[in-house]
Amino acid sequence: MKDVIANKIEIQGKTSEFDVSINLKSENDGVLIYKVDFTAGTDFDPHPITLRWKIPAINVKGVWKPTTDFAKRIMDDWELDHMESRISVDSPIISLFDHNDINVVTFACSDVINTTELNALYREEDNCIYCHVSFFIERHHKISNYTTQIRIDQKNQHFSKSIKDISSWWSDFENLKPIRTPDLAKVPVYSTWYQFHQKLDTSELIEECNIASELGYELIILDDGWQTIDENRGYDFTGDWQPERIPEMKDFVASVHQTGMKLALWYSVPFCGKKSQAYRKFNGKFLTEKHRWAPVFDPRYPEVRDHLINLYVNALNKWDIDGFKLDFIDEFKVYPDTILTKENGRDFSSVNLAVDRLMTDIMKSLLAINPEIVIEFRQKYTGPAMRKYGNMFRAFDCPGDSVMNRVRITDIKMLCAETAVHSDMFTYHQDEPLEIKALQIVNTLFGVPQLSILLQKATEKELSMIRFYTQYWKANSSVFLNGTFEPSRPLANYPILKSCSEELTIIGLYDNYVIQFEEKSNQIDIINGQITTDIVLSSTKNYGSYQCVIYNCEGEKIEEYNVMILIGVLQIKAPICGLVQLKKL
């Protein structure tokens with residue numbers, strides 16, 4: 001396959017206006033890296049150029065992309081739904097995997113700032129899969145040259161390892177060095193959004209913090225609503241960011257701190273509502289005023305960047321907060337009415353490069369005040385460039401959907417290395433049975449759990465369940481966050497997740513699958529995230545005797561006995577959303 005790729009990369013869209021060349025930069029252990037150059041004698045308007053190559057569709061089960069959620073099937077070449085990546089949307093990477101989750105080919109582009117388009121499509125005429133990377137697929141300003149790299153990985157290894165290797169490759173570029181992840185980015189989080197929305201009440205929030213702190217939560221994210229008394233769930237008043245609903249913000253933050261919790265504030269970064277003072281001040285300095293929610297700031301103006309930076313610096317200095325949830329970064333983009341020139345006060349023509357400058361300056365300013373500041377970004381703006389500015393990456397909103405939460409956590413986790421991956425806030429209907437409620441939290445455990453539950457109305461059993469799994473996560477956070485992570489069966493929505501250290505292996509079982517027992521750790525914990533009590537282990541070796549301790553979802557020990565794990569199959573009964581601990585004797 002190496003020769004097929006190396007000799008047959010086709011350049012589509014060639015023009016006399018500029019030259020495009022592709023040259024093999026390195027080849028090592030199944031990994032090919034190509035250097036791509038766009039050049040001309042003078043400035044030129046780039047137009048779409050595509051690099052395309054094909055591989056035989058042999059033992060290909062599915063196609064992994066960063067945010068396709070449940071849609072990891074093979075697509076046909078007449079399905080023209082290509083993946084777009086830019087600084088604040090997705091990552092320019094695609095991975096094809098076989099029927100045993102082994103990498104077939106994983107390819108990526110080093111340019112994670114500018115807009116690219118990628119896909120891997122099945123062509124029925126020759127039963128091959130055509131991979132492509134397209135450049136300059138959106139309107140672009142004039143350039144004099146352009147250089148990037150394409151990495152094509154054909155190693156015979158688990159597909160997740162190939163994805164992680166590309167994440168490490170990105171991190172080695174000087175302009176993509178991730179920021180450090182502080183300890184506060186790795187603690188369970190209480191969010192106000194799903195329970196309060198914009199109707200925030202400070203006395204209720206303090207009581208929620210008291211309960212959440214006792215359960216093991218250490219950070220509260222104060223979401224939309226703190227800045228306005230308007231409750232229409234819109235963005236008409238964004239842009240000024242004055243604490244209209246909570247005028248004594250500093251005192252409120254101090255009260256939160258007294259509960260043992262830290263506090264982060266939500267901001268919708270790009271929006272400038274038409275009812276704000278900022279809208280009048282920055283008239284004409286928007287990427288678009290035709291957005292369905294609110295006009296979008298143009299970060300190519302230095303005064304716009306200064307305004308946004310000062311908002312966050314002043315909040316940090318005046319209110320003693322501990323972090324920010326900076327939302328909607330992906331809305332900084334080229335709109336149909338965006339002018340792509342460097343003039344009339346704009347010091348950038350490129351929107352993507354201006355976003356990079358804005359976010360770089362924000363982080364430089366905030367870290368100078370508090371080196372431990374936490375910044376949360378939400379999928380889809382969780383790509384390699386965003387690791388330069390954020391240290392908490394959260395799964396995109398999926399309230400009540402435990403499976404989607406697990407899938408999104410897993411997809412982010414494979415790409416972001418040491419950056420902390422957070423779940424979407426788990427929530428549920430109050431009348432759900434306890435074990436079904438527990439499904440929501442056990443599906444978050446391979447990320448950092450976030451909840452949005454009205455704790456004051458929770459039952460004692462409910463609180464016991466949340467406390468048990470929150471404390472279990474905290475006791476084993478080093479394994480969940482830093483252990484060797486292996487997700488299985490992406491087309492089946494990762495029904496088995498595994499994270500290992502030398503001493504402990506944690507397995508999450510989320511559907512009726514057999515666990516292939518091949519563990520070297522002295523202790524193996526199995527989280528039964530199913531609605532059945534049957535856990536089946538299959539072994540091809542004799543591992544010997546283990547102490548087996550079984551807990552229910554409230555953390556009550558319900559059984560303890562010794563088992564022999566030998567060649568063959570072993571069935572263990574465990575409660576729905578219970579925990580099985582196997583310790584080597």
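One-based numbering along the sequence shown.
- Note that CG of D37 and OG1 of T147 are 4.0 Å apart. Values are rounded to the nearest 0.5 Å.
- Counting heavy atoms of neighbouring residues, nucleotides and ligands inside a 6.0 Å radius, atom CD of E502 does not exceed 12 of them.
- Each of N103, T106, V104, I74 was compared with L96 under the side chain to side chain contact (heavy atoms under 4.5 Å, CB included) criterion, and only V104 meets it.
- Residue-environment remark: NZ (K177) exceeds the threshold of 12 foreign heavy atoms within 6.0 Å.
- For the pair D98 (side chain) and N100 (backbone), a donor-acceptor distance under 3.5 Å is present.
- Looking at D111, its side chain does come within 3.5 Å of a backbone N or O of I113 through a donor-acceptor pair.
- The aromatic ring centroids of F97 and H158 lie 6.0 Å or more from each other.
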Item to check | Stepwise side-chain contact (heavy atoms from CB on, under 4.5 Å) check, F426 with L439 | outcome: CA-CA 9 Å; F426 68 85; L439 283 173; over 6 Å; no

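- Here the CD1 atom belonging to I55 is positioned 5.0 Å from the SG atom belonging to C131, to the nearest 0.5 angstrom.
- At a threshold of 4.5 Å between non-hydrogen side-chain atoms, the residues K161 and E486 do not count as touching.
- A side-chain donor-acceptor contact under 3.5 Å links D424 and Y194.
- The aromatic rings of F107 and W53 stand perpendicular to each other, their planes meeting at an angle above 60°, with 30° marking the opposite boundary.
- Side chains of S162 and I166 form no contact here, defined as non-hydrogen atoms less than 4.5 Å apart.
- Counting non-hydrogen atoms of other residues, nucleotides and ligands closer than 6.0 Å to CD1 of I22 gives a total above 12.
- D223 has a carboxylate O that lies under 4.0 Å from a charged side-chain N of K325, or vice versa, which qualifies the two as a salt bridge.
- Judged by the 6.0 Å distance and 45° axis criteria, R378 is positioned over the aromatic ring of F328.
- Listed here is the closest heavy atom pair of I527 and L445: CD1-CD1, 3.7 Å.
- Distance alone, capped at 3.5 Å, places no donor-acceptor pair between the T484 side chain and the S499 backbone.
- Donor-acceptor pairing under 3.5 Å is recorded for the side chains of R346 and Y301.
- The minimum heavy-atom distance between V133 and C109, with the atom names listed, is CG1-CB, 4.5 Å.
- Counting only heavy atoms from C-beta outward, the side chains of R305 and F348 approach each other to under 4.5 Å.
- At distances below 3.5 Å, not a single donor-acceptor pair connects side-chain atoms of R86 with backbone N or O atoms of T116.
- Side-chain contact between L326 and Y381 is absent, with no heavy atoms from C-beta onward closer than 4.5 Å.
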Next on the checklist: Under the criterion side chain to side chain donor-acceptor pair (under 3.5 Å), I'd like the reasoning laid out for Y279 against E289: C-alpha separation, chi angles, the key distance, then a yes or no.
Outcome noted: CA-CA 10 Å; Y279 176 72; E289 293 200 38; 2.6 Å; yes

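- Within the 6.0 Å centre-distance limit, the rings of F282 and F297 are counted as a close aromatic pair.
- Here the closest non-hydrogen pair linking L287 and D337 is O-OD1, 3.9 Å.
- Closest of all the heavy-atom pairs between P302 and G345 is CD-O, 3.3 Å.
- Here the two rings, on Y146 and F136, have centers that are under 6.0 Å apart.
- Counting only N and O atoms by type, the side chains of S268 and D327 include no donor and acceptor under 3.5 Å apart.
- With hydrogens and angles left out, the side-chain atoms of D165 and Q157 include a donor and acceptor closer than 3.5 Å.
- For Y510 (side chain) and V442 (main-chain N/O), a donor-acceptor pair under 3.5 Å exists by modelled atom type.
- D411 pairs with exactly one of K65, K72, Q379 by the side chain to side chain donor-acceptor pair (under 3.5 Å) rule, that one being K72.
- For the pair N28 (side chain) and V31 (backbone), a donor-acceptor distance under 3.5 Å is absent.
- With respect to D153 and K155, no salt bridge is recorded, no charged nitrogen being found less than 4.0 Å from a carboxylate O.
- Side chains of T419 and N391: no donor on one and acceptor on the other come within 3.5 Å.
- Within the 4.5 Å cutoff, the side chain of V304 has no heavy atoms near those of the H307 side chain.
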Next on the checklist: Let's go through I163 and M414 carefully: what are the C-alpha distance in whole Å and the side-chain angles of both, what is the deciding distance for side-chain contact (heavy atoms from CB on, under 4.5 Å) to 0.1 Å, and is it a yes or a no?
Outcome noted: CA-CA 6 Å; I163 293 171; M414 285 185 280; 3.9 Å; yes

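- Side-chain contact, S423 with T444: no donor N or O sits under 3.5 Å from an acceptor N or O.
- Heavy atoms of other residues, nucleotides or ligands lying less than 6.0 angstrom from CG of D81 number 12 at most.
- In this structure, Q440 and G400 approach most closely via the heavy-atom pair NE2-O, 3.0 Å.
- For the residue pair S171 and R387, a side-chain donor N or O sits within less than 3.5 Å of a side-chain acceptor on the partner.
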Checklist entry - Does the side-chain contact (heavy atoms from CB on, under 4.5 Å) test come out yes or no for T410 and K413, once each step is laid out? => result CA-CA 5 Å; T410 302; K413 190 177 177 76; 5.6 Å; no

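- Between the CD1 atom of I412 and the OG1 atom of T382 there is a distance of 4.5 Å, given to the nearest 0.5 Å.
- In this model, no donor atom of one side chain and acceptor atom of the other lie less than 3.5 Å apart for S349 and R300.
- The pair K8-E10 fails the salt-bridge criterion, with no side-chain N (NZ, NE, NH1 or NH2) lying under 4.0 Å from an Asp/Glu carboxylate O.
- A distance of 7.5 Å separates NE2 of H140 from OG1 of T115, quoted to the nearest 0.5 Å.
- For N127 and Y122, the side-chain atoms include at least one donor-acceptor pair closer than 3.5 Å.
- Aromatic ring orientation, F271 versus W293: perpendicular (interplanar angle above 60°, classes split at 30° and 60°).
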Item to check | Verdict with supporting geometry, Y389 and I179, side-chain contact (heavy atoms from CB on, under 4.5 Å) | outcome: CA-CA 6 Å; Y389 334 114; I179 62 169; 5.7 Å; no

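- A distance below 6.0 Å separates the ring centres of H82 and H132.
- With rounding to the nearest 0.5 Å, the separation of NE2 in H47 from CD1 in I137 is 13.5 Å.
- Taking 4.0 Å as the cut-off between side-chain N and carboxylate O, K541 and E519 do not count as a salt-bridged pair.
- Side chain to side chain, W193 and D224 fail the donor-acceptor criterion of an N or O pair below 3.5 Å.
- F44 and S144 make their closest contact through CE2-O, 3.5 Å (heavy atoms, listed as atom of the first residue, atom of the second, distance).
- A donor atom on one side chain and an acceptor atom on the other are not found under 3.5 Å apart for E376 and H422.
- E331 places a side-chain heavy atom less than 4.5 Å from the side chain of Y335.
- Under the 4.0 Å criterion applied to side-chain N and carboxylate O atoms, D45 and K142 are assigned as salt-bridge partners.
- At a threshold of 4.5 Å between non-hydrogen side-chain atoms, the residues Q149 and K25 count as touching.
- A distance of 5.5 Å separates CH2 in W170 from CG in L415, rounded to the nearest 0.5 Å.
- Between V421 and V448, the closest side-chain pair of non-hydrogen atoms is not below 4.5 Å.
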